Amino acid sequence: MEVKRVFSLLGLYARMDLAWFLRDTKHCLICILGDLLSNIAAISGVFLLALRFQNFGGMNDSEVLFMLSYLMAMSGIQEIFLRNCNVSYISRRIGRGQLEHMLLLPLPLPLQLLTEGFIPFSGNGTLISGFILLRYSLLRLELQPHGWWWLSLTGSLVLSVVTVIGASYLFATSAFYAPVACEEISSRVFGVADALKIFPLSGMPLGLQITLCSVLPVGLLGWFPCLALLGKAPLGLPGWFPLAFAATLWLITLTLFKKGLRHYASIGINRYSAIGHRR
Amino acid sequence: MPASASTATPPSDIAVNLEQVTKRYLQWQRSGQVSNTLKNLLRPEQRVVVALNQVSFQVRQGEFVAYAGANGAGKSTTLKILAGMLHPETGKVEVLGYDPLQQRIPLMRELGVLFGNRTELWWDLPIQSSFAWKKVIWDIPEATYQHNLEQALEMLELKPLLNTFARELSLGQRMRADLALLLLHSPKLIILDEPTLGLDVLAKRRMIDYLKQLNREKGVTVLITSHDMDDLEEMAGRLLLLSHGELAFDGTFDALRKLTTIRRHITVTTDSQVAPELERATWLRSDGFAHLYEVNSDPRNMRLLLGELAEQPGLVDIETGKAPIEAVVAELYRRWR
């Protein structure tokens, strides 16, 4: 995959997104503001609990705020790069028989999936609010981050996105075999992740912590990497554990996804939904 | 075996090559009755549907080929196999010299595919954004892009629609915009599945004219499916007719007519609403002063018939026509059922 081609395609989708922003500025701004408010609302409950009950979930209120802002920034990256065209919610495209459109383009599928969800203008509300909150939480923590720490933060954020997308794609492979029943399975994955990832797990029983960092890896989206960044990697695991987990997860996902794709091409999915193929 | 097989073609001249292609589907049969719950769970009933059975044909570069058949005959399956969307169970497929499964990306640079029931346009964007998108995705050189775009906009009368959202276009406008999008990268072969579906007379006319012009002037190979046999006859020089997944006919439309007993038609217009009785023609129906007959097109019979007509009082006009292709194909579909 040529790096130049990736940037050329990202540029194309950025221009298309900007065109929407310029053409429909009012609605676009409302969308950004809506994202911002709903994200703050989504994390405020846990943060208020952390303020009221010190050491809530085994973390102090500043650490909880850091974790929540980290999660918001993570969602922001995901939204900017992968929200459009149901790239994150891939089971919808599989279940609706819309992968056929991708097969008609002279581009490898991974390159299409990596680029066509990019919406840097209309999808930036969450990332901006996440970064503002992240900066504030670092001030509260009285941390003096250095270059390497910022690099680790960026890497962790990307890994968290890679992990949740990997889980979405892993479950979405079922849509190759049961397109009707599993069309919305990716949104269920994100629903579970959104509901659980905001809770600090430090006060939970060890068995539950291990489960939530392996079988149902919501702990790897925010809790584990944040503690690792604060120099308190939990469960006696090294800080690079999320990287090893993400690599393993994607190895399994890619194997099953390729198998599912072969099944798709051999059986076909006769439930094409003609409402614009990227919806 | 098809009723009339085309002659073998040198490999370099072949745009599409199918050899012994078979494709079967499994259909789950579920009754929905409580008594069958356990059976549905443990051993659901399956039905094997043969979509294509040992289908072989070749299309030469520059040909305009109609691909027809009754519902469920296997047309769309064939086109999906040619476009690399479906894998054949057995057989060999080559499109423009490429294997659609192994060489999808180079093939897509030279192939254009349009399915009438779906769109490649960006739904929530003006159609000019879709054109600009295509230019980057296909990496089309600026000069080629501008030339093709200008020509398509002109021929398909799309200039006034450039800033309209795809979702706000009528069906005919959308099909024209999709066709323009399809042609921007100068495809050598275009595959069209029911492109005239739901179009009004004018929109259909525009599309047919443009496709004929592309084939004639640029030598673009066209493989098209439609249920409208009159449209297909107007566009295509060769017809491939599928029946129950098998190639039942390969040849010209006139050759197809010879396979049936349906004969030439003649319309006689008189100054009376009563149809004249003719010895050498069979009356079919009358519409006001116009009376439709079926005739044996043997030249001797035609001469005698014209003589007979000349003696008819009140004769206003005579119009002869080939056996309607729709009726010919309908009879063949009935025969093959």
Side-chain angles (χ1 to χ4, degrees), chain A residues 1-2 4-24 27-28 84-85 96-112 115-116 119 122 177-178 180 261-279, chain B residues 23-28 49 51 76-77 79-81 83-89 98 100-101 103-126 128-130 132-140 163 165-167 171 174 181-182 185 187 191:
Chain A
M1 196 185 302
E2 283 180 49
K4 192 179 162 193
R5 190 73 175 128
V6 174
F7 281 105
S8 136
L9 292 170
L10 287 175
L12 165 72
Y13 290 111
R15 286 195 298 279
M16 287 167 76
D17 188 43
L18 179 63
W20 181 62
F21 183 82
L22 297 175
R23 194 172 46 242
D24 211 352
H27 291 115
C28 201
N84 209 24
C85 303
R96 293 170 188 170
Q98 294 173 340
L99 276 192
E100 289 180 1
H101 289 279
M102 300 179 77
L103 298 174
L104 293 179
L105 306 191
L107 294 174
L109 293 188
L111 181 58
Q112 293 184 48
T115 54
E116 68 180 23
I119 42 170
S122 60
Y177 306 93
V180 179
L261 203 56
R262 280 196 293 275
H263 180 80
Y264 182 95
S266 106
I267 303 295
I269 292 179
N270 287 324
R271 58 187 309 264
Y272 179 76
S273 173
I275 50 162
H277 66 277
R278 295 173 185 88
R279 287 185 158 197
Chain B
K23 181 75 192 171
R24 292 181 303 172
Y25 294 111
L26 286 180
Q27 286 181 348
W28 299 97
V49 178
S76 295
T77 298
L79 300 194
K80 283 185 176 181
I81 286 173
M85 293 172 168
L86 272 179
H87 294 194
E89 209 169 295
Y98 297 109
L101 300 180
Q103 297 165 296
R104 183 181 68 80
I105 292 172
L107 172 63
M108 287 308 149
R109 294 201 171 281
E110 298 178 23
L111 177 71
V113 185
L114 175 61
F115 288 90
N117 65 345
R118 57 183 78 178
T119 180
E120 296 300 323
L121 297 166
W122 283 78
W123 202 240
D124 296 314
L125 293 176
Q128 66 175 346
S129 298
S130 293
W133 166 80
K134 170 122 185 186
K135 178 178 182 285
V136 178
I137 297 291
W138 263 259
D139 211 4
I140 306 170
N163 291 320
F165 284 19
R167 63 167 188 259
L171 180 61
R174 184 177 70 64
L181 186 73
L182 176 82
H185 67 292
I191 294 176

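Convention: sequence-line order gives letters A, B, ...; per-chain numbering from 1. What you are looking at is a predicted structure, and each value in this text was computed from that prediction instead of being measured.
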Original post:
So what's closer than 4.5 Å to chain A heavy atoms on B:A132: side chain, backbone, both or neither?
Top reply: backbone
Original post:
What pairs with B:K134 under salt bridge (Lys or Arg N to Asp or Glu O under 4.0 Å), at least two apart in sequence or on another chain?
Top reply: none
Subject >> Which atom of B:W138 lies closest to which atom of A:L104, heavy atoms considered >> reply: CZ2-O, 3.5 Å
Original post:
Which heavy atom in B:T119 sits nearest to a heavy atom in A:H101, and how many Å separate them?
Top reply: O-CE1, 3.3 Å
Is there a side-chain contact between [X] and [Y] (heavy atoms, below 4.5 Å)?
X	Y	answer
B:V136	A:R5	yes
B:I137	A:Q112	no
B:K80	A:E100	yes
A:P106	B:H185	no

Original post:
Does anything in residues 103-112 of chain B get under 4.5 Å of chain A by heavy atoms, and if so which residues?
Top reply: B:R104, B:I105, B:M108, B:R109
Original post:
By a 4.5 Å heavy-atom criterion (distance strictly below it), what part of A:I267 contacts chain B: side chain, backbone, both, or neither?
Top reply: backbone
**OP:** Quick one: pull up CD in A:E116 and CH2 in B:W133 and give me the separation to the nearest 0.5 Å.
**Re:** 8.0 Å
Original post:
Take atom OH in A:Y177; do more than 12 heavy atoms of anything else shown fall under 6.0 Å from it?
Top reply: yes
